[in-house]
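Comments concern the structure below.
Predicted model, so just to flag it, every value in this text is computed and none were measured.
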Amino acid sequence: MALLKLPPETLIQIFDHVGSSYFRSDLSRLTVCKQWSEFAHTACFRDLYVTQKTLRRLLSSPYVESSLRLVKNSVETLDLNLKGFEDWDSIPLSGHDPQAVNVWNGAHGHAVRATWTTELNNDLLYLAAIIQQSRRLRILRIQATSELHPLLRFLERRDYLFLSTICAFLSVSNLTSLELDLCGTRLIPHQSQERGEGIHVCTSIAALLTTLRRLRLRMRSICADVLRTPQHCTDLKLNEMLINLSLSNESPVTTSAAHATCCGSSTGGFLQLKADMEKQAQVLVAQMAAPKIVRILTHALPRIEMRAFDVLTGRNVALSEGAEWDDEGEVIEDQVSADESEISDLSSDDDE
């Protein structure tokens with residue numbers, strides 16, 4: 001094949017330009033020939049999209065060692081999408097059975113999902129251990145949405161990610177972009193040492209601010225420590241920082257909305273959390289070399305409209321329904337007090 005006669009550095013550029021999605025859409029494209037396969041596998045694993053099911057299949061595969069070696073040596077972007085427990089057929093019940101909700105909310109249902117939760121976090125920790133060895137990974141995205149039964153809409157909301165699992169991913173070095181949208185689950189302690197003061201996910205994230213260029217966060221519990229860096233840190237490369245304190249639209253069956261709560265035992269409620277986050281964001285901006293966009297997002301009643309406090313301009317912005325967090329929006333004039341009054345009704349997580 002004439003193409004493969006080109007210099008290796010040229011072939012790398014060509015396969016990188018083709019992109020990983022081309023090979024993932026048809027895996028037979030990986031096996032044209034041996035030399036082709038070497039370049040194709042590297043390109044295929046450069047951008048890796050993983051769900052909890054594909055991760056389980058990967059770790060159960062007879063080719064797991066070679067696959068994980070490619071992950072370690074090739075992946076530059078890891079996109080992890082989690083949806084909670086999905087194996088609802090493991091207990092043979094009809095979704096229309098009036099006892100189904102009681103079964104899943106009962107001891108047996110809890111035990112089945114608890115076992116799955118441990119297995120999921122073990123799989124994730126295995127993956128985290130692999131990417132901790134990677135020198136190429138630059139972009140990490142983790143999205144964890146609420147656990148939903150396709151028919152039973154009244155199951156108790158359940159958390160399924162361990163604190164230690166997320167902290168393991170945050171131990172990856174060389175990250176330049178971090179996106180954590182964990183609105184579907186709180187980070188639950190798993191080992192006894194996690195229940196003390198030794199592990200705090202916000203400080204683990206803050207430790208990455210000296211290398212990150214981009215940070216996007218939404219978590220059910222958060223505090224201003226997530227934006228706190230040593231005072232001597234200046235000229236940070238971070239130029240984009242978006243923190244969404246709104247938990248609205250996190251589930252298609254949720255008709256109300258809540259905001260994130262403050263880590264620990266803070267008694268100031270949501271308004272205090274919002275004020276603390278905005279104040280610390282202003283401190284962080286002064287340490288950034290070239291900030292482009294810095295926002296703290298919330299929502300306002302009665303229509304659960306998204307709001308963003310633009311730290312760089314000191315203005316509040318209204319975002320349209322379904323807008324991206326960084327959309328330009330419309331500046332709100334003289335409505336800060338009204339918005340604070342509205343959001344104060346949602347100062348605590350209403351599903352706890």
Side-chain angles (χ1 to χ4, degrees), residues 80 82-84 117 120-121 124 128 140-147 156-171 178-209 212 215-229 241-251 254 256-281 284 295-299 304 306-307 309 325 343-352:
L80 188 57
L82 307 172
K83 297 182 178 180
T117 298
L120 169 69
N121 283 272
L124 292 172
L140 175 62
R141 302 188 191 100
I142 304 178
Q143 182 179 34
T145 55
S146 288
E147 185 175 277
E156 298 172 357
R157 198 190 67 77
R158 195 184 73 95
D159 302 319
Y160 57 87
L161 273 184
F162 295 157
L163 173 59
S164 56
T165 299
I166 293 299
C167 287
F169 281 98
L170 297 177
S171 299
L178 175 65
E179 297 182 37
L180 297 180
D181 189 350
L182 310 180
C183 63
T185 175
R186 290 187 183 276
L187 302 180
I188 50 180
H190 179 52
Q191 303 293 345
S192 59
Q193 62 267 29
E194 291 184 21
R195 301 179 186 275
E197 298 295 327
I199 300 181
H200 184 193
V201 69
C202 290
T203 54
S204 296
I205 294 172
L208 300 173
L209 293 176
L212 290 178
L215 176 65
R216 294 190 176 204
L217 295 176
R218 179 163 62 162
M219 302 188 295
R220 301 191 77 88
S221 294
I222 195 169
C223 70
D225 286 348
V226 77
L227 302 179
R228 207 179 305 277
T229 61
M241 193 278 291
L242 302 171
I243 295 185
N244 193 345
L245 301 179
S246 172
L247 303 179
S248 65
N249 302 320
E250 65 95 9
S251 165
T254 299
S256 60
H259 282 104
T261 56
C262 186
C263 302
S265 56
S266 174
T267 58
F270 173 71
L271 289 181
Q272 185 62 54
L273 170 63
K274 179 175 180 288
D276 291 344
M277 296 295 293
E278 291 178 357
K279 181 179 180 181
Q280 188 59 41
L284 182 63
R295 282 182 172 179
I296 306 295
L297 290 89
T298 57
H299 63 252
I304 314 181
M306 292 303 300
R307 298 283 190 266
F309 174 67
W325 297 2
I343 63 178
S344 65
D345 293 333
L346 296 172
S347 61
S348 61
D349 192 333
D350 60 1
D351 61 1
E352 292 302 312

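Closest heavy-atom contact between G184 and R157: O-NH1, 3.4 Å. Across R218 and C183, no two heavy atoms sit closer than the pair NH2-SG, 3.6 Å. Summarising the geometry of M241 relative to A281, their closest heavy-atom pair is CE-CB, 4.0 Å, with the distance given to 0.1 Å. Residues A260 and M219 come closest through the heavy atom pair CB-O, 3.3 Å. Across all their heavy atoms, T145 and Y160 have their closest contact at O-OH, 2.6 Å. What you find for L124 and L80 is that their closest heavy atoms are CD2-CD2, 3.6 Å.
In this structure, L247 CG and L182 CG are separated by 11.0 Å, a value rounded to the nearest 0.5 Å. With rounding to the nearest 0.5 Å, the separation of CG in L161 from OG1 in T185 is 5.0 Å. Note that the NE2 atom of H200 and the SG atom of C167 stand 9.5 Å from one another [nearest 0.5 Å]. In this structure, the separation between CG on D181 and CG on N244 is 7.5 Å, given to the nearest 0.5 Å. Of the inter-residue distances, the one linking L217 atom CG with L297 atom CG reads 11.5 Å to the nearest 0.5 angstrom. One finds the CD1 atom of I243 at 11.0 Å from the CD atom of E278 (value rounded to the nearest 0.5 Å).
With hydrogens and angles disregarded, a donor-acceptor distance shorter than 3.5 Å links the side chain of N121 to the backbone of F162. A donor-acceptor pair under 3.5 Å links the side-chain atoms of H259 to the main chain of H299, judged by distance alone.
The salt bridge (Lys or Arg N to Asp or Glu O under 4.0 Å) search around R228 returns D225, not counting sequence neighbours. Under the side chain to side chain contact (heavy atoms under 4.5 Å, CB included) criterion, S221 pairs with R186, T261, C263, not counting sequence neighbours. Residues satisfying the side-chain hydrogen bond (donor to acceptor under 3.5 Å, both in side chains) test with Q143, not counting sequence neighbours, are N81. Not counting sequence neighbours, the partners of T117 by the side-chain hydrogen bond (donor to acceptor under 3.5 Å, both in side chains) test are R158.
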Please report the C-alpha distance between M277 and L227 in whole Å, then the side-chain angles of each, then the deciding distance to 0.1 Å, and finally whether the side chain to side chain contact (heavy atoms under 4.5 Å, CB included) criterion is met.
CA-CA 8 Å; M277 296 295 293; L227 302 179; 4.3 Å; yes

Could you walk me through whether L178 and L170 pass side chain to side chain contact (heavy atoms under 4.5 Å, CB included), step by step?
CA-CA 9 Å; L178 175 65; L170 297 177; 3.8 Å; yes

Can L180 and I205 be said to form a side chain to side chain contact (heavy atoms under 4.5 Å, CB included), step by step?
CA-CA 10 Å; L180 297 180; I205 294 172; 3.9 Å; yes

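Under a 4.0 Å N-O distance rule, the pair E179/R141 qualifies as a salt bridge.
Taking 4.5 Å as the limit, some side-chain heavy atom of I222 sits within range of a side-chain heavy atom of L273. Contact of the F270 side chain with the T298 side chain is registered, since non-hydrogen atoms from C-beta on lie closer than 4.5 Å.
In summary, the side chains of D276 and Q280 do not present any donor paired with an acceptor at a separation below 3.5 Å, with no hydrogens or angles considered.
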